[in-house]
Amino acid sequence: MKKKLFLRLAALALALTLALGCAGCAAAPASGGSPAPAPASGPASQPASEGLALTDQAGRTVELAAPAKTVVSGYYISTYAVLALGKADAIVGLEKKADTRPLYQMAAPALIEKPGVGTMKEMDVEAVAALEPDLVILPAALADYAGTLAGLSIPALVVAPESHEALVEMIGLLGRALGAGDAAAALTGYYDEQLERMASLTTGAEKPAVYMASNSSYLSCAPAGMFQNYLIETAGGVNAAASLEGDYWTEVSYEDVLAMAPEVIVVPSGAEYTAADVLADAQLAGVPAVENGKVYQMPAGLEEWDSPIPSGILGCLWLTSVLHPERYPFEEFVADAAGFYQAFYGFAVDESLITK
């Protein structure tokens, strides 16, 4: 299976390379010297001469005269998506603190030197206007800036990738906006393939109860309304906290955790504590996951795979390998993750960073 997946990823990378190369024969170079891909047929894109009418994830209609060649991204998830679509050279500005994102350093170091124009709380409109972008991508939290930018004749797309389905929708939307419909289809097609694969791998397997802790405390966990619940279920597990209401991290007591009796505890990559801290807490000694040493921390130093980011599918695969190692060995996952970064981000990941 490992060899087959490697061959599929290699073929995918070659296909994307050929598509980009052919596009360079038919279109003028995009900003930064990269060839602009030819518009794909069908709903993913349309001829530039006809313009584009897009409906963003806030329900707004956004019109572009042609696919954007220069972009400002005010949100790290949309920036990640632009990179995954092969459009790093189009980014002229992005969110602040780009130097804290390991992915940028590995996939597109030049981004770290680009102007930082905002945070999740505010955007520097003057700085954005000075960059004269063809398009600005805004998170839902900054949606109010879309009207201000429109008044300056700067189109803005609002995105809200809060679930896997919304992430897929965002990638398709950005694929159209950037003239990267083929790359968007390749990425979302990879998701479909891996989701089908995980379903096949876990069919008939026992579903362990999984407790997904938060970054701030292991006495805070993900209820059923969060993306982490999707990750657990996709990996062939059951959310130990599924009975809790809400769509954000929920505080619980030691007694609550003992009652949930999770068989596996997952510590997110950005946690302020470690798996060792959980195992050492005497008040959790009666929890099956602690008794059996099944407390795992998601890899640090790459991305937070427990969130709906373009590489979030790797979080599902990682947890599948943790919950069902006899069906999906961790070594196979490491090779798959390395193949993903090579195919969609164009770099060879340091495999020592892929841990559990």
Side-chain angles (χ1 to χ4, degrees), residues 77 160-167 195 198-199 201-300 303-309 311-325 327-328 330 333 355-356:
I77 294 182
E162 298 300 327
S163 66
H164 175 74
E165 293 75 16
L167 172 68
L195 291 172
M198 281 181 282
L201 283 170
T202 59
T203 296
E206 293 186 9
K207 296 183 177 183
V210 181
Y211 178 93
M212 180 75 73
S214 75
N215 284 334
S216 60
S217 169
Y218 50 81
L219 291 181
S220 176
C221 62
M226 293 186 69
F227 174 79
Q228 285 77 3
N229 183 81
Y230 168 83
L231 187 155
I232 292 168
E233 293 182 346
T234 301
V238 174
N239 186 358
S243 63
L244 299 179
E245 296 181 357
D247 58 3
Y248 197 66
W249 300 110
T250 302
E251 292 185 7
V252 294
S253 65
Y254 282 108
E255 291 74 17
D256 291 332
V257 180
L258 288 166
M260 291 178 192
E263 298 165 82
V264 175
I265 293 176
V266 176
V267 177
S269 60
E272 299 173 4
Y273 56 93
T274 67
D277 294 330
V278 178
L279 290 167
D281 192 329
Q283 296 188 73
L284 294 176
V287 175
V290 174
E291 290 180 329
N292 297 316
K294 293 189 175 182
V295 180
Y296 304 94
Q297 181 154 13
M298 301 188 81
E303 303 177 81
E304 295 186 353
W305 291 341
D306 64 319
S307 56
I309 57 178
S311 63
I313 192 71
L314 297 182
C316 296
L317 288 167
W318 177 87
L319 189 55
T320 301
S321 74
V322 167
L323 300 183
H324 306 286
R327 299 187 177 212
Y328 183 37
F330 187 72
F333 164 71
T355 58
K356 68 175 181 178

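The chain is numbered in sequence order, starting from 1. Since the model is a prediction, treat every value here as computed from it, not as a measurement.
Shortest non-hydrogen contact noted between Ala199 and Thr203 is O-OG1, 2.6 Å. Residue Ala222 comes nearest to Gln228 through the heavy atom pair CB-CB, 3.7 Å, listed as atom of the first residue, atom of the second, then distance. Between Thr250 and Glu245 the shortest heavy-atom distance is OG1-O, 3.9 Å. Closest approach of Gln283 to Leu258, counting heavy atoms only: O-CD1, 4.1 Å. Considering every non-hydrogen atom in both Cys221 and Pro223, the closest pair reads O-CD, 3.4 Å. Looking at every heavy atom in both residues, Ala285 comes nearest to Glu291 through O-CG, 3.0 Å.
Looking at His164 and Thr234, their side chains never come closer than 4.5 Å, going by heavy atoms from C-beta outward. Counting heavy atoms from C-beta outward, Gln297 and Tyr273 have side chains that stay 4.5 Å or more apart.
Within 6.0 Å of the CD atom in Glu206, the count of heavy atoms belonging to other residues, nucleotides or ligands does not exceed 12. Atom CD of Glu251 sits in a sparse spot, with 12 or fewer heavy atoms from other residues, nucleotides or ligands closer than 6.0 Å. By the 6.0 Å contact criterion, NZ on Lys356 is enclosed, its count of non-hydrogen atoms from other residues, nucleotides or ligands being greater than 12.
Summarising the geometry, atom CH2 belonging to Trp318 is positioned 15.0 Å from atom CD1 belonging to Ile313; distances are rounded to the nearest 0.5 Å. Here the straight-line distance linking atom CG of Asp306 with atom CE of Met298 works out to 5.0 Å at 0.5 Å rounding. Taken to the nearest 0.5 Å, the CZ atom of Phe227 stands 10.5 Å off from the CD atom of Glu162. With rounding to the nearest 0.5 angstrom, the CG atom of Leu219 is 7.5 Å from the CG atom of Asp281. Separation of atoms CG (Leu231) and OG1 (Thr320) is listed at 8.0 Å; rounding is to 0.5 Å. Atom OH of Tyr230 sits about 14.5 Å away from atom CG of Asn239, to the nearest 0.5 Å.
Among Leu314, Leu317, Leu319, the single residue meeting the side-chain contact (heavy atoms from CB on, under 4.5 Å) criterion with Trp305 is Leu314. Screening Val322, Val264, Ile265, Asn229 against Val210 for a side-chain contact (heavy atoms from CB on, under 4.5 Å) leaves a single residue, Val264.
A donor-acceptor pair under 3.5 Å is absent between the side-chain atoms of His324 and the main chain of Ala205, judged by distance alone. The backbone N or O of Ala166 lies less than 3.5 Å from a partner atom in the side chain of Ser163, making a donor-acceptor pair. Glu263 contributes a side-chain N or O that, together with a main-chain N or O of Ala209, makes up a donor-acceptor pair within less than 3.5 Å. Of the possible donor and acceptor atoms, one in the side chain of Tyr211 sits under 3.5 Å from a partner among the backbone N and O of Tyr218.
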